[in-house]
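Here the structure is a predicted model, which means the values were calculated and not measured. Quick note: numbers below take in every heavy atom, side chains included, and nothing from hydrogens, waters or symmetry partners. Convention: sequence-line order gives letters A, B, ...; per-chain numbering from 1.
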Amino acid sequence: MKIKIYNTLTKQKENFETIEPQKVRMYVCGPTVYDSCHVGHARSVVVFDVIVRFLRSQGFEVIYVRNFTDIDDKIINRANELGISATELAEKYIHEFYEDMDSLNVERATMEPRATGYIREIIGVIQLLIGKNMAYPVDGDVYFSVESYPDYGKLSRRILEDMEAGARVAVDERKKNPYDFALWKTAKPGEPSWDSPWGKGRPGWHIECTAMSSGLLGETIDIHGGGKDLVFPHHENEIAQSEAAFGKQFVKYWVHNGFVNINQEKMSKSLGNFLLIRDILKAYHPEIVRLFLLSNHYRSPIDFNEKAMEEASGALDRVYTFLERVDRKFGIPSETKLSSHGELWRQFCEAMGDDFNTAQGLGILFSTVRDLNRMLDASGDQVSDQIALSVRNGYSDVLSIGSILGIFRQSPQSYFDQKRRAGLRKESIDPGWIEVKIRERTQARAAKNWAEADRIRDELLELNIILEDRSEGTVWKYND
RNA sequence: GGCGGCAUAGCCAAGUGGUAAGGCAGCGGUCUGCAAAACCGCUAUUCACCAGUUCGAAUCUGGUUGCCGCCUCCA
């Protein structure tokens, strides 16, 4: 099928054509590991996780590289504050990153290189640039000369002369142009450093991505992704140094995800409204977080707030309730045939093929779930073969969609069990007590003592416990 | 000052030339002892505003207003 991708470089949706047929080389900027991950990181990582899963489902072989920037000023400063080495600090946060992303059911990238593992390659690129007279060493530092690269500014659509007017740039007399950026920084005493032709030092911020991307994927790749905030200066500088060094196009499609706001406010350290993934996961099931993150188009901003999370939670429940219903009706399919796809899957892929429109895809999913519920309602106990087939196909497609979005991966039983357990913890109640209450109510109902039955139900409702009287008995759910 | 984005029902949110997906909330109904879940019906003649292009515009063009982001580390 045809896939369209919005390309930041051309500012329009383009037909996705890979360099090599059915093969995608993709690089996404990973975190600088000096602190815990917040929801913003989660959005970026989850969005690209879904993009990779979708491309693979469409038959592409995707070589996906997501790096760790494990050496930079922030890491050094933070390590000094804590009195530990930069390496120790980086290790700690790489470990945390994996914990958080594993919780969110993010698949590992094909390769996850670290900047410190590519020092030799970094030095090689810098030498190439100096050799072409597009970079210059000063006192052990090396700067890239933005004026030497005529296309500088093409990604963020900035013109050097215009930027200089009102810009807030620290003036460094040693730079030829204020926008020249460091490729290599000389080491101050006590800082981690590597030997280089310019003395002991470490890489500047942008160069590691050029070295790792070209080293692992080649000098021209299909997709390069990251958060919108990386467009300038990070990706602009990556393009400049890469294309200057290799003399060819660096990236075909630039993909950038939008921000996560918190209650309508930009998330920022100064406002103190940074929400860490690990904290959010204490309050919400990981699939709720994923569903929330995918409920808007990836390029639009998304607002994290309690109401939005409750809606995501309700939506997830809705689908799991459907899955549970089908399980009850037909038994749990021994093997889910994810290979035979129906109309729902086709429509979902069409939405995803249009610049990865997960919001539209979810709309299709929900309306299909309603259609299938309607069929089941209309059937009563006698489900025709034709309807059973439609429902089974729909069920299978829902799971296929889940495998792209990284949700619906639990059995409905374990999903609702997990919610029940979380509810018990939150309300500090004993499950045995609930069972006793339910038995009492069942007896009251049998005696047609409706007042008592309703009193018990209300008593449980106070604790967010909702009862459902099914034909096979009363079950309870926790309403978070 | 420069660059860019957004404005769709009470709320969230798709839709980029052919007559407004989906979710939540609300109201009415089916089912139920009553509920819950599920389903049905109702809820934007209209897409910030003004002008233009077109047989036809939420969608394209120009302008106005409002909000937001980037230009400093940032997903």
Side-chain angles (χ1 to χ4, degrees), chain A residues 8 11-13 28-32 34-35 37-48 72-74 77 153 156-159 161-170 179 205 225-234 236 256-261 264-269 274 291-292 295-297 299-303 305 307-308 310-315 317-318 321-322 324-325 347 351 354 357-378 380 445 448-451 453-454 457-458 461 466-471 474-477 479:
Chain A
T8 309
K11 275 181 64 188
Q12 55 193 15
K13 273 189 210 172
V28 174
C29 289
T32 298
Y34 74 104
D35 206 348
C37 291
H38 56 249
V39 223
H41 294 107
R43 185 180 195 190
S44 180
V45 173
V46 166
V47 160
F48 288 104
D72 112 316
D73 290 357
K74 292 192 295 296
N77 293 341
S156 55
R157 280 151 212 281
R158 279 151 219 260
I159 296 160
E161 296 82 68
D162 292 348
M163 286 200 296
E164 288 171 42
R168 297 170 281 174
V169 180
Y179 282 92
W205 175 30
K228 258 194 169 98
D229 50 336
L230 295 179
V231 173
F232 190 90
H234 186 54
E236 193 69 73
H256 294 99
N257 66 276
F259 291 110
V260 179
N261 293 134
Q264 317 272 32
E265 267 184 340
K266 178 186 151 78
M267 207 170 27
S268 78
K269 297 233 156 149
F274 258 72
L291 188 61
F292 160 72
S295 61
N296 277 26
H297 185 92
R299 283 189 279 117
S300 307
I302 189 169
D303 192 54
N305 57 68
K307 185 161 178 281
E310 278 166 16
E311 287 189 8
S313 171
D317 278 5
R318 188 172 161 72
T321 301
F322 164 75
E324 186 187 41
R325 183 180 189 184
Q347 287 182 22
D354 185 8
N357 196 334
T358 52
Q360 189 179 37
L362 287 170
I364 292 161
L365 171 70
F366 289 121
S367 81
T368 303
V369 166
R370 195 188 52 212
D371 291 345
L372 295 170
N373 270 323
R374 183 197 298 133
M375 284 187 216
L376 289 170
D377 276 4
R445 290 181 70 217
K448 297 201 189 296
N449 184 354
W450 308 127
D454 292 350
R457 187 172 58 203
D458 290 344
L461 189 61
I466 295 171
L467 299 185
E468 282 183 37
D469 296 325
R470 296 181 184 165
S471 53
T474 300
V475 298
W476 66 276
K477 285 186 173 167
N479 178 35

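Across the C1' atoms, B:U19 and B:A36 are found 40 Å apart, a figure rounded to whole Å. When the C1' atom is used for both B:G26 and B:C12, the distance is 15 Å, rounded to whole Å. Spacing of C1' atoms, B:A58 relative to B:C6, comes out at 14 Å, to the nearest Å. For the P atom pair drawn from B:U45 and B:A9, the interatomic distance equals 10 Å after rounding to whole Å. For B:G1 and B:C60, the P atoms lie 27 Å apart once the distance is rounded to whole Å. Here, B:U16 and B:A48 have their P atoms 15 Å apart, quoted to the whole Å. Of the P atoms belonging to B:G17 and B:G63, the separation is 22 Å, rounded to the nearest Å. For B:C50 and B:U43, the C1' atoms lie 29 Å apart once the distance is rounded to whole Å.
You'll find that the side chain of A:Arg445 is closest to B:G33, out of B:C3, B:C39, B:G33. Side chain of A:Glu468, nearest nucleotide from B:C24, B:A37, B:C11: B:A37. Relative to the side chain of A:Ala453, the nucleotides B:A75, B:G33, B:G23 differ in distance, and B:G33 lies closest. Comparing B:G23, B:G33, B:G2 against the side chain of A:Asp469 picks out B:G33 as the nearest. Closest to the A:Ile466 side chain, of the nucleotides B:A14, B:A36, B:C3, is B:A36. Proximity note for A:Arg157 (side chain, C-beta onward) versus B:C71, B:G5, B:C3: the nearest is B:C3. The side chain of A:Thr321 has B:A37 as its nearest neighbour among B:G33, B:G23, B:A37. Of the listed nucleotides (B:C70, B:A75, B:C39), B:C70 has the atom at the smallest distance from the side chain of A:Lys266. Nearest nucleotide to the side chain of A:Ala359, out of B:C24, B:A13, B:C39: B:A13. Set against B:A13, B:G23, B:C34, the side chain of A:Asn296 has B:A13 as its closest nucleotide.
Atom CG in A:Leu376 sits 6.5 Å away from atom CZ in A:Phe322 (nearest 0.5 Å). Residue A:Asp317 holds its CG atom at 8.0 Å from CG of A:Asn479, rounded to the nearest 0.5 Å.
Rounded to whole angstrom, the span from the CG atom of A:Asp371 across to the P atom of B:C39 amounts to 9 Å. A:Ile159 has its CD1 atom 14 Å from the C1' atom of B:G1, to the nearest Å. Atom C1' of nucleotide B:A37 and atom CG of A:Leu376 are separated by 13 Å, given to the nearest angstrom. Computed from coordinates, the A:Leu461 CG to B:C34 P distance equals 18 Å when rounded to whole Å. For A:Ile302 and B:G23, the CD1 to P distance is 18 Å, given to the nearest whole Å. Atom CZ in A:Arg299 sits roughly 15 Å away from atom C1' in B:A13 (whole-Å rounding). As a whole-Å value, the separation of A:Lys74 NZ from B:U72 C1' is 11 Å. Rounded to whole Å, the distance from CD on A:Glu311 to C1' on B:G26 is 14 Å.
Looking at heavy-atom distances under 4.0 Å, A:Lys448 makes no contact with the nucleic acid at all. Counting non-hydrogen atoms under 4.0 angstrom, A:Arg470 reaches nothing in the nucleic acid. Nucleic acid contact class of A:Leu467 (heavy atoms, under 4.0 Å, all strands): base. Across all strands, A:Gly363 comes closer than 4.0 Å to base atoms (heavy-atom distances). Counting any heavy atom pair closer than 4.0 Å across all strands shown, A:Arg457 reaches a base atom. The residue A:Ala308 sits apart from the nucleic acid: no heavy atom pair falls under 4.0 Å. Residue-level contact check: A:Gly153 touches neither bases nor backbone, having no heavy atom under 4.0 Å from any strand. Note on A:Val260: a base of the nucleic acid sits closer than 4.0 angstrom, heavy atoms only. Within the nucleic acid shown, A:His297 comes within 4.0 Å of sugar-phosphate atoms alone, with no base atom in reach, counting heavy atoms only. Within 4.0 Å (heavy atoms only), A:Asp454 reaches at least one base atom of the nucleic acid. Looking at heavy-atom distances under 4.0 Å, A:Phe322 makes no contact with the nucleic acid at all. Within 4.0 Å of A:Arg43, counting heavy atoms only, lies no atom of the nucleic acid at all.
Judged purely by atom type and a 3.5 angstrom limit, A:Asn305 has no side-chain atom pairing as donor or acceptor with the backbone of A:Gln264. Of the possible polar contacts, one joining the A:Lys228 side chain to the A:Arg299 backbone as a donor-acceptor pair under 3.5 Å is found. A:Asn357 contributes no side-chain N or O that, together with a main-chain N or O of A:Ala351, makes up a donor-acceptor pair within less than 3.5 Å.
OP1 or OP2 of B:G5 has at least one side-chain nitrogen or oxygen of A:Lys11 nearer than 4.0 Å.
Counting all heavy atoms, side chain and backbone alike, A:Phe292 lies closest to A:Ala308 at CE1-CB, 3.8 Å. Closest heavy-atom contact between A:Pro301 and A:Asn261: CB-OD1, 4.1 Å. Heavy-atom minimum distance, A:Ala312 versus A:Leu291: O-CD2, 3.4 Å.
Using Watson-Crick or G-U wobble geometry with both donor-acceptor distances under 3.5 Å, B:A38 finds its partner in B:U30. The pairing partner recorded for B:U53 is none, the criterion being a Watson-Crick or G-U wobble arrangement whose two distances lie under 3.5 angstrom. Nucleotide B:G1: paired with B:C71 (Watson-Crick or G-U wobble, both distances less than 3.5 Å). The partner of B:U59, taking Watson-Crick or G-U wobble pairs whose two distances both stay under 3.5 Å, does not exist in any strand shown. Under the Watson-Crick and G-U wobble criteria, each requiring two contacts below 3.5 Å, nucleotide B:U46 is left unpaired. In this structure, B:G10 forms a base pair with B:C24, meeting either the Watson-Crick or the G-U wobble geometry with both donor-acceptor distances under 3.5 Å.
If A:Gly314 and A:Arg370 are placed on RNA chain B by their nearest nucleotide, the residue sitting closer to the 5' end is A:Gly314. Each of A:Asn373 and A:Ser295 lies near RNA chain B, and the nucleotide nearest A:Ser295 is the one positioned closer to the 5' end.
A stacked arrangement is not assigned to A:Phe366 and the six-membered base ring of B:G22, the conditions of a centre distance below 5.5 Å and an interplanar angle below 30° not being jointly met.
Residues A:Thr368 and A:Ile364 form a side-chain contact, since some pair of their non-hydrogen atoms from C-beta on lies under 4.5 Å apart.
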Exercise for the section: For side chain to side chain contact (heavy atoms under 4.5 Å, CB included), just list the numbers for A:Lys477 and A:Thr321, CA-CA rounded to whole Å, side-chain angles, deciding distance to a tenth of an Å, and then say yes or no. Expected result: CA-CA 11 Å; A:Lys477 285 186 173 167; A:Thr321 301; 4.0 Å; yes
